[in-house]
There are 2 protein chains.
Amino acid sequence: MSRNSWRAVKDIRIADVARLAGVSTATVSRVLSDPDKVRKKTHDAVMEAVRRSGYTPNSTAQKLRTRRTMNVLVVAPRLTNPVFAEILRGVDDELTKSGYGIIIGNLDNRREREARYVDLVLSRQVDGVLLLTGYIPEHGARSMRESGLPIVGMCAAIQDPAIPNVVVQDREATRRAVEYLAALGHRRFGYISGTLSSIIESERFGGFKEGIAAIGLSRNDFVRWEGPFVFSTGVAAAEAFVRMEDRPTGIFAACDESAIGFIKRVRAERIRVPQDVSVIGFDGVEFSDYSEPTLTTFRQPLHELGRVGADVLLKLIRGEMKSEDWNIRLPLTLLERETTGPVLHKDYKSLRRSVF
Amino acid sequence: MSRNSWRAVKDIRIADVARLAGVSTATVSRVLSDPDKVRKKTHDAVMEAVRRSGYTPNSTAQKLRTRRTMNVLVVAPRLTNPVFAEILRGVDDELTKSGYGIIIGNLDNRREREARYVDLVLSRQVDGVLLLTGYIPEHGARSMRESGLPIVGMCAAIQDPAIPNVVVQDREATRRAVEYLAALGHRRFGYISGTLSSIIESERFGGFKEGIAAIGLSRNDFVRWEGPFVFSTGVAAAEAFVRMEDRPTGIFAACDESAIGFIKRVRAERIRVPQDVSVIGFDGVEFSDYSEPTLTTFRQPLHELGRVGADVLLKLIRGEMKSEDWNIRLPLTLLERETTGPVLHKDYKSLRRSVF
DNA sequence: ACTCAAGATGTAATCGATTACAAAAATCGA
DNA sequence: TCGATTTTTGTAATCGATTACATCTTGAGT
């Protein structure tokens, strides 16, 4: 069986259409791309030939000739994460309007996969790149950076004047989270981290520490539990939490998954949320609406983030703007729901005694 | 500003490398694609030139010449659905091993988006198609079906001998769900549907009715609540449920989201799960592990489904097999957890009185 | 009817690789 | 060392479109 055994039986080229319509290939091309440049009568004849032959231009040939691929690479750390999936929807909506396609660069949290996507750039398979990671992938001798291709960062800011960033204000939001808990009377805090090497994590932890400082507390007034952005990180944090002598009462989780994992686990120990411990998440993914109790969290404008990022990239590709001075920072919304509340007892141990 | 203002300053072509190495373009090409065909000395000289110039072949030109794009189109109804995201991971793992890329066809539940992806096929931008939908998109005069491109169905079986299906046994599983609830003593059932027009839904509902018949009951012994595969469908079902006189005690939901939406809502009415009503979901997505109570559900082998589907498609593309007689059906696993239990009271009204 | 500009169409180069075929170089045996 | 054979390399056609430039039509103005 030949290697190309699967190919369509009939493959119609522009020359076939030209012959059928009795014109040159140039005319057929013009009819399809710039109809005003040909006479109505010719136009109709060509269109008729196109219809009858079922011709669709070979887009690879178009790409080669025009040097535009109409594709954009979106590099994401992990596709199963609903945050990235939702951003992707926004990106897709915007790109589709302009006829651009998406090629997914799913790192699946494995950094060695980067090489593959850098190659897509170097071999000119895309016209631009959206980075949902906080850094520019390197690869061998050359990198995306040197390719000259437009890149937009959509994670925490990439420090490079040539690269515009479209991000959310996670530092500010995290800081607000601490202040919000403090206003409810909390004075001992827990911080459940995300993936340590990620820039998002360091932004959020940075904001957290700013908040701690802002309310006049110090490094001694909080504990930090570490792990990636997944449910089980919250579960592990909860297990450390229940073993503590002097438990914090206000918990900030760097993502909703770990917040929910934490809550599920502490409730199994008959610790009540929010009466015994308040928990605040981050992201505002859909299932946080359905957790028990409903999660207090910051909702990211994910769809908008995707749309704005894609829009900036398209402007860059079209040469309608330069990279400098494009750092957009979208605000987050605090959803005050059921997992946070005022501190009931200063001394948690006495609380336990009184309840059980 | 010129239209191509973004393009890299230096663009190295194969001819540049050839000149640098003092050989012809044919030799450079051979060094890169079939190194054994050239003398070691030439090989080294060419590689040195490649390294020094930072050459990467223009893959669009390669595609045009070889008529292979090394891309596969994956058509999915909705990307934010964790089920599809997980399948996609499996697909990605398998395709990456063979050097193929993924182009995402996200329908976002809007059927009119199909045209765009049919065009990708007709304009020969992909070598094959994986359908996570239950039907082949049509478009204008021609369709994917006529393109002659290999297609693999990964939803409920597509009825076309030319198209292999790699699917899960959802009909059997749903039937088993009914029998499982019946074994716990349930005799009045509720069925929370998924998107009505989807083939998955009709498969699952079909299995449900088979189960009802198998335990000797009839159409009068269950109610069906309709809606798409989302949380709010379960919420709406719950609202109808609480208004009922003679409530069912065994609920099957066609997806975990609606099962969780249902549970969240009935608990708000102080109806207990599973003491008052048992709920069984479908899919086994990650957050079903963290719902309260932990959801009883069928776990789909999503990652494996993706890998197997991609593998079948690659075999088809390579001409290593024919489409006929390739219908793979993967089994599901029942996760018996906390939302199902034996029937406690035959008469639910007396139950309410006795409890509150 | 004639000129000339504007508009429509055709010819052929081009995008950047791969590869059939031809030509040259290396290898081998006698 | 010579010719036959095998291996290596080069030349040029090819994939299928777009588009600069040349050429031919059309129609307005006089």
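- Here the options are A:L95, A:V152, A:D127, the test is side-chain contact (heavy atoms from CB on, under 4.5 Å), and the partner is A:L314; only A:L95 passes.
- Per the geometry, CZ belonging to A:R30 stands 8 Å off C1' belonging to C:dG10, to the nearest Å.
- Atoms NZ (B:K40) and C1' (D:dT9) sit 18 Å apart, rounded to a whole Å.
- Residues A:S143 and A:E138 come closest through the heavy atom pair CB-OE1, 3.2 Å.
- Where the helix from C:dA1-D:dT30 to C:dA30-D:dT1 starts and where it ends, the local axes point in directions that differ by 30°; five pairs per end, rounded to 10°.
- Using a 4.0 Å cut-off, no side-chain N or O of A:S24 falls inside it from OP1 or OP2 of C:dT9.
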Carefully, step by step, assess B:L79 and B:D108 under the rule side chain to side chain contact (heavy atoms under 4.5 Å, CB included). CA-CA 7 Å; B:L79 257 192; B:D108 214 28; over 6 Å; no
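- Residue-level contact check: A:T27 touches the backbone only, with heavy atoms under 4.0 Å from sugar-phosphate atoms and none from bases.
- Taking only distance into account, the side chain of A:R65 meets the base of C:dT14 through a donor-acceptor pair shorter than 3.5 Å.
- Atom NZ of B:K41 and atom C1' of D:dT7 are 16 Å apart (whole Å).
- Between the P atom of D:dT14 and the CZ atom of B:R68 lies a distance of 20 Å, rounded to the nearest Å.
- When rounded to the nearest whole Å, the span between CD1 of B:I14 and P of D:dT14 equals 19 Å.
- Contact check for A:V129 versus A:Y117: no side-chain heavy atoms found under the 4.5 Å cut-off.
- Side-chain atoms of A:T66 lie closest to D:dT19 of the nucleotides D:dT19, D:dG16, D:dT9.
- C:dT18 atom P lies 13 Å from atom CE of B:M70, rounded to whole Å.
- Which of C:dA17, D:dG10, D:dT18 sits closest to the side chain of A:S29 comes down to D:dT18.
- Taking all atoms of both residues into account, the shortest heavy-atom contact from B:L313 to B:P150 is CD1-O, 3.7 Å.
- Between B:R39 and D:dT8, a side-chain N or O to OP1/OP2 separation shorter than 4.0 Å is absent.
- If you check distances only, the side chain of B:R67 never reaches the base of D:dG16 with a donor-acceptor pair under 3.5 Å.
- Using a cutoff of 4.0 Å between basic side-chain nitrogens and carboxylate oxygens, A:E86 and A:R89 are scored as salt-bridged.
- Distance from the side chain of B:A61 is smallest for C:dG16 among the nucleotides D:dG10, D:dT9, C:dG16.
- Atom CG in A:L122 sits about 16 Å away from atom C1' in C:dG16, given to the nearest Å.
- B:K63 is listed as a side-chain neighbour of B:T69, based on a closest heavy-atom distance under 4.5 Å.
- Checked against C:dA17, D:dC15, D:dA17, the side chain of B:N58 finds its nearest nucleotide in C:dA17.
- One can place NZ of B:K37 at 19 Å from P of C:dA26, the figure rounded to the nearest angstrom.
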